[in-house]
Amino acid sequence: MKMYWVKTNLLIKKWFSGFVWSLPNHEKKIYLTFDDGPTPQITEWVLEVLAEHNIKATFFCIGNNIEKHPELFKKVIAAGHSIGNHTYNHLNGWNTKNDTYLENTIATESIIDKLYPNGTEKLFRPPYGKMKGAQAKAVRGMGYRIIMWDVLSADFDRSITPQKCLQNVIRNTRQGSIIIFHDSEKAYPNLKHALPESIKYLKERGFVFDRIN
């Protein structure tokens, strides 16, 4: 049974207005984001696709994955993409003590700072989109903007087809949309079809891709 919204409900956006759900603009800009990397081969493939289309995006990285694959993380930075904190262990904030959640976030921040010392982005995305109010307050207190999403590709969902994943994106993207994909092994079967086809479709309709700063 599906337990997520492909298009984020307007009431959710209203109730949690302190989170960034979209970035309204007058230039038809949209924002591709990638969660859960860096992942060998898959993140590299994503970088190739983005480079082919001259697109900048935003990568919300897991601290443990950065630690295991520092050179791949550096490739993301070298390509000019934005970096975000996605906790060290991909924690579900609802099921995690506040102190543990904050420590996990700080651990990832330290790793990012060592490998990306001149980075100016302070972006955070809670895994699963789940965090408690106290956790959100603490993360904001660290200077982070909490970036959620407007469109969920659902590439992680093995019960849907790659074509359905593509339709999730192209039917729901609007000016200012923040779109989630995942550069992970689990998502790759859907990602490898939906990402390039989404880019092609959206570019043909005049959308401009940008990174989140």
Side-chain angles (χ1 to χ4, degrees), residues 1-16 19-24 28-62 65 76 81-82 84 86 90 92-94 125-131 147-212:
M1 180 179 177
K2 188 177 81 169
M3 298 296 292
Y4 54 82
W5 284 300
V6 169
K7 184 74 170 177
T8 302
N9 187 285
L10 290 174
L11 287 177
I12 294 295
K13 293 180 181 180
K14 184 176 181 179
W15 288 336
F16 298 97
F19 297 163
V20 179
W21 298 95
S22 60
L23 292 167
K28 212 170 181 181
K29 286 184 179 179
I30 55 176
Y31 303 85
L32 293 181
T33 67
F34 297 88
D35 287 7
D36 298 355
T39 308
Q41 298 181 359
I42 297 168
T43 301
E44 289 162 328
W45 175 82
V46 170
L47 292 175
E48 290 172 1
V49 172
L50 297 177
E52 179 183 345
H53 292 278
N54 194 28
I55 288 172
K56 303 304 180 189
T58 305
F59 288 76
F60 290 91
C61 299
I62 295 173
N65 285 347
V76 177
H81 303 293
S82 289
H86 201 45
H90 203 262
N92 182 330
W94 293 359
R125 175 171 285 158
Y128 313 103
K130 296 177 179 179
M131 66 189 311
I147 310 296
M148 303 298 268
W149 60 86
D150 177 50
V151 178
L152 183 65
S153 69
D155 51 357
F156 58 83
D157 187 346
R158 291 289 184 90
S159 73
I160 69 171
T161 66
Q163 184 62 24
K164 173 59 177 171
C165 182
L166 170 62
Q167 292 300 317
N168 286 343
V169 175
I170 64 177
R171 290 179 177 174
N172 293 287
T173 296
R174 303 291 184 269
Q175 187 166 298
S177 285
I178 298 173
I179 305 161
I180 290 190
F181 286 103
H182 295 78
D183 50 330
S184 67
E185 292 182 3
K186 182 178 181 180
Y188 186 61
N190 286 329
L191 178 71
K192 66 182 180 181
H193 171 72
L195 178 60
E197 291 300 319
S198 293
I199 290 172
K200 179 182 177 181
Y201 178 92
L202 295 168
K203 285 181 74 173
E204 287 174 350
R205 279 147 187 82
F207 286 102
V208 177
F209 297 83
D210 202 0
R211 63 181 226 161
I212 302 172

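A donor-acceptor contact shorter than 3.5 Å links the side chain of W21 to the backbone of F16.
Within the 4.5 Å cutoff, side-chain heavy atoms of I42 are placed close to those of E185. Using a 4.5 Å heavy-atom threshold, the side chains of D183 and L47 count as separate. With a 4.5 Å cut-off on side-chain heavy atoms, W5 and L152 do not count as touching. Contact annotation: the side chain of V46 approaches that of F59 to within less than 4.5 Å [non-hydrogen atoms, C-beta and beyond]. By the 4.5 Å heavy-atom criterion applied to side chains, R158 and P189 are counted as neighbours. Taking 4.5 Å as the limit, some side-chain heavy atom of H90 sits within range of a side-chain heavy atom of D36.
In this structure, T39 has no side chain to side chain donor-acceptor pair (under 3.5 Å) partners at least two apart in sequence or on a different chain. In this view, D150 and K7, K13, S22, S177 satisfy the side-chain contact (heavy atoms from CB on, under 4.5 Å) rule, not counting sequence neighbours.
The environment of K186 atom NZ is sparse: at most 12 non-hydrogen atoms of other residues, nucleotides or ligands sit within 6.0 angstrom.
Looking at E204, R205, K203 one by one, the single match for side chain to side chain donor-acceptor pair (under 3.5 Å) with Y201 turns out to be R205.
Centroid-to-centroid, the aromatic rings of W94 and Y128 stay 6.0 Å apart or farther.
Atom CG in L50 sits 6.5 Å away from atom CG in L32 (nearest 0.5 Å).
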